[in-house]
Structures are given as C-alpha cells and as structure tokens.
Amino acid sequence: MSERRGEDHWQAAALSADIGKRPKRILFDGAPVVLFRSAQGIAALFDRCPHRLVELSTGKIVGGEIECPYHGWRYDGEGRCTAIPGLVGAMPHYRVRRYAAIERDGVVFISSGTPRGEPYLHCMQGRDIIARRVRSSTQSTVIDAAENILDATHTHFTHKGLLRGLTSKRHLVRVEVTGGEGWVEASYTGEDRQQGLISRFLEGERTKTIGRFRHPGIAELEYWGKNGLVLATTFHLRQADERTVEGVGWLIGRRQGLLGEMKALAFKPLFTIALHQDRRVLKSASDNARLPPQALPVIGPLDFLRRDIAAIMEGKMPAAAGEARVHYIEL
C-alpha cells in the first residue's frame, strides 16, 4: 500500500450551529483557520490578514465577506481581497490561503488538500435514527484519545457505575480483531449485558460490541442487540495543536417512537459525563508524560488496536488486514 496523502481527506472541524453571524477561529494542525458564512456558503481561510497579520476572526462579516478589524480589508470566501478602504485606483491581487470546506449533517468539514467525494459521517448514516451532535476538547494526542474511546478495559475503573456495574463480576469475552486499508476494528462477544447506568437505561440484551478506528482519526463504538444495531457513537478527532485534540461526533440511536425520543434525551448528558471522565484521565497522562525522564507508553497485552491504529495514521496497512486475531479476556 502506498502512503496516503495526509492532506487529501476531510476532517470535522466544528458544528454548523457554532458558526452564525460571527466568524469562528479554530486550530487545524496547529495553523489558525477562520470559519465564516460567505455569500457562496461555508468558507475556511487562514486566519491572518496578509497586511499586518491581524486575526481575521476578530473582525466581522459584511455582505458575505470577512473584514479585517485593523484597516477594513475584506476577503471573500475564496480568499480574494475585494476591498481596501481609502484605495484610489486598481485593486492589487492579494489573497489569503483558502481551505476546502463543506457542511454535512450539521457538521463543518475542512481539508488542506483536494479530497475526493463526500466526507464520511457516521456508522449509521442512511438509517432511520435519532442523532445528537457533540463536540469536545481534550489535552492528548489523536492516537491516545482514539484508543481511549475504543478501550474496553478502562471502563471498569474510569467509568465504573456509568458504563460498567459497581460489582467485580466479569464475563469471559471473545475479541476478534480485523482490518483493512484505513481501518481496524475489534468485535466483542460473550457479554450479554453491561450493568452500568447507560447500558441498563439505553440498551437491551447485547449480542456484540464493536470498536472501530478509521483514517484519519475516526473512533466508532457500536452496540448490537438481537434485532441489530441499537446504539452507536462516531467521533471525528483531529490534532488542533501539539497538546490538544478537538472532537466532533454523533451519538446515535434507532428511532423507536416516544421511547426512543426519551432515551435520546438522556443519552447526551450521560455521555457528557463519560467524556469528562475520559478528559480528566487523558490530561493526567499528558501532563505526567511531559515530566522527565522521557518515556514511551507500554503497549500491554490487552491493547489490541494500538499498533494497528499507529500503522493507519502512518499511512500503512494494519497488521490485522493480513490475518484476523482472536483473543479472550475477562470484562
């Protein structure tokens, strides 16, 4: 497999609801980017006026163009300078770097390259679902944040009572790891029901759980019951800067009439608690890792996806693509 061009993919950058009458600044691979609604639709520009390097995001939107707050220079959605107040004569050809941008299903995606096709949304797209969109910011790296979402063994400790029960009872679970170009997943069978609050309230009998990683930084969890996929989360992660991971995601359930609507109301606040718990432990690890002496984390015998995720992020084929791996653990 040839190394994929890292810039030629869509990455979730913000919720559409966060971009209204005012511009929004984000960090994209460490670079400042301003998102705003131009006359042609959603726009993403390098957040720096070329004149005096002021943040365009601190300006305002005028007629579908972004106006620099320093001297009033304006730029359209393509990054072209369209106005310099006070200028007499021909307009110089100044430009700000433009990023590809698109809105889909309430989320803004951007790219520094020329991605082909539509962005991938979530693992239940095209089905009759109830979805809640969420965003998060975590002090971590994409690989650590993704592995945390997909790691089943930490839930007994980090999420005890919420995702796992309060007792010490465990089940013998079969784990099958498979993969292909740009993805790897672990399928867990043998645990018919988790005893945590979320599982007891939102699920029924469980037949399997799937944790999946997709290029470039998408972590998905699927909870399957006797009648198919019941609940799912899909989180798009990106490295905003050296220490910060930004996430945009979907919390998804099957549409089940009034009962489904009631469950959907509870899903987001309960999941927000779990996010806070994960955020706290990831920050602890990040802060502690910066102290001397420097060390690499140990890849333990139950870290089934770590090496495959690392390979995918490096543009390589995951080892699981060659041959499925089967493990047995107690959960």
Side-chain angles (χ1 to χ4, degrees), residues 132 134-173 175 177 184-188 190-203 206 208-213 217-223 231-237 239 243-252 266-291 295-310 327 329-331:
R132 297 289 184 267
V134 294
R135 61 184 178 280
S136 68
S137 179
T138 303
Q139 184 177 312
S140 187
T141 62
V142 167
I143 189 170
D144 284 336
E147 188 186 33
N148 171 79
I149 292 172
L150 303 177
D151 171 29
T153 60
H154 83 291
T155 57
H156 283 285
F157 303 94
T158 306
H159 305 299
K160 192 168 187 176
L162 189 65
L163 295 179
R164 297 285 176 182
L166 297 175
T167 71
S168 58
K169 180 182 179 181
R170 296 202 177 207
H171 304 265
L172 184 65
V173 173
V175 186
V177 180
V184 64
E185 70 178 34
S187 178
Y188 298 78
E191 185 181 22
D192 60 356
R193 184 186 294 271
Q194 290 181 3
Q195 299 302 315
L197 181 61
I198 289 179
S199 300
R200 291 174 67 89
F201 182 68
L202 299 178
E203 288 187 81
R206 183 183 301 187
K208 66 180 176 180
T209 305
I210 296 176
R212 181 185 305 107
F213 180 84
I218 303 171
E220 299 184 307
L221 291 173
E222 298 179 354
Y223 303 96
L231 291 173
T233 66
T234 295
F235 242 87
H236 293 244
L237 307 170
Q239 200 74 47
R243 300 189 66 187
T244 308
V245 173
E246 300 287 346
V248 174
W250 283 263
L251 313 177
I252 314 154
F267 196 4
K268 187 171 182 177
L270 289 174
F271 191 81
T272 299
I273 297 173
L275 278 178
H276 175 73
Q277 293 170 334
D278 281 331
R279 189 180 300 119
R280 183 174 55 201
V281 74
L282 286 170
K283 182 180 185 302
S284 172
S286 175
D287 286 339
N288 213 29
R290 295 174 65 87
L291 300 176
L296 294 175
V298 170
I299 301 178
L302 305 184
D303 300 330
F304 304 126
L305 301 181
R306 178 80 181 201
R307 290 186 175 90
D308 289 303
I309 293 173
H327 309 268
I329 63 172
E330 288 187 341
L331 277 179

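Keep in mind that this is a model prediction, so the values were computed, not measured. Positions are given from 1 along the sequence.
Scanning all heavy atoms of the two residues, the minimum distance from Val175 to Ala186 falls at CG1-CB, 4.0 Å. Scanning both residues, Ala145 and Ser140, for their nearest heavy atoms gives N-OG, 3.7 Å.
With sequence neighbours left out, the side chain to side chain contact (heavy atoms under 4.5 Å, CB included) criterion links Thr272 to Lys268. Every residue two or more places apart in sequence or in another chain that forms a side chain to side chain donor-acceptor pair (under 3.5 Å) with Thr234 is listed here: Glu220. Under the rule for a side chain to side chain donor-acceptor pair (under 3.5 Å), the partners of Glu185 that lie at least two apart in sequence or sit in another chain are Arg212. With sequence neighbours excluded, no residue satisfies side chain to side chain donor-acceptor pair (under 3.5 Å) with Ser187. Legend: residues meeting ring pair (Phe, Tyr, Trp, His ring centres under 6.0 Å) with Phe304, ordered by chain and number and at least two apart, are His327. Applying the side chain to side chain contact (heavy atoms under 4.5 Å, CB included) criterion to Val248, with sequence neighbours excluded, gives Ala12, Leu15, Val107. Under the side chain to side chain contact (heavy atoms under 4.5 Å, CB included) criterion, Thr233 pairs with Leu221, Leu251, Phe267, Phe271, not counting sequence neighbours. With sequence neighbours excluded, the residues satisfying salt bridge (Lys or Arg N to Asp or Glu O under 4.0 Å) with Asp287 are Arg243, Lys283. Residues passing the side chain to side chain donor-acceptor pair (under 3.5 Å) test with Ser284: none are found, sequence neighbours excluded.
Counting only heavy atoms from C-beta outward, the side chains of Leu150 and Ile309 approach each other to under 4.5 Å. Looking at Tyr188 and Leu331, their side chains come closer than 4.5 Å, going by heavy atoms from C-beta outward. Two residues are said to be in side-chain contact when any heavy atoms from C-beta on lie closer than 4.5 Å; Ile149 and Leu237 meet this criterion. A heavy-atom distance below 4.5 Å is found between the side chains of Phe235 and Val134. In this structure, Glu330 and Val173 have side chains that are not in contact, with every pair of non-hydrogen atoms separated by 4.5 Å or more.
Of the inter-residue distances, the one linking Glu222 atom CD with Ile252 atom CD1 reads 8.5 Å to the nearest 0.5 angstrom. In this structure, OG1 in Thr153 is found 7.0 Å from CD1 in Ile329, a value given to the nearest 0.5 Å.
Counting only residues at least two apart or in different chains, salt bridge (charged side-chain N to carboxylate O under 4.0 Å, His left out) contacts with residues 144-153 comprise Asp144-Arg306, Glu147-Arg306. Residues in residues 272-282 take part in no salt bridge (charged side-chain N to carboxylate O under 4.0 Å, His left out) pair, two or more places apart or across chains.
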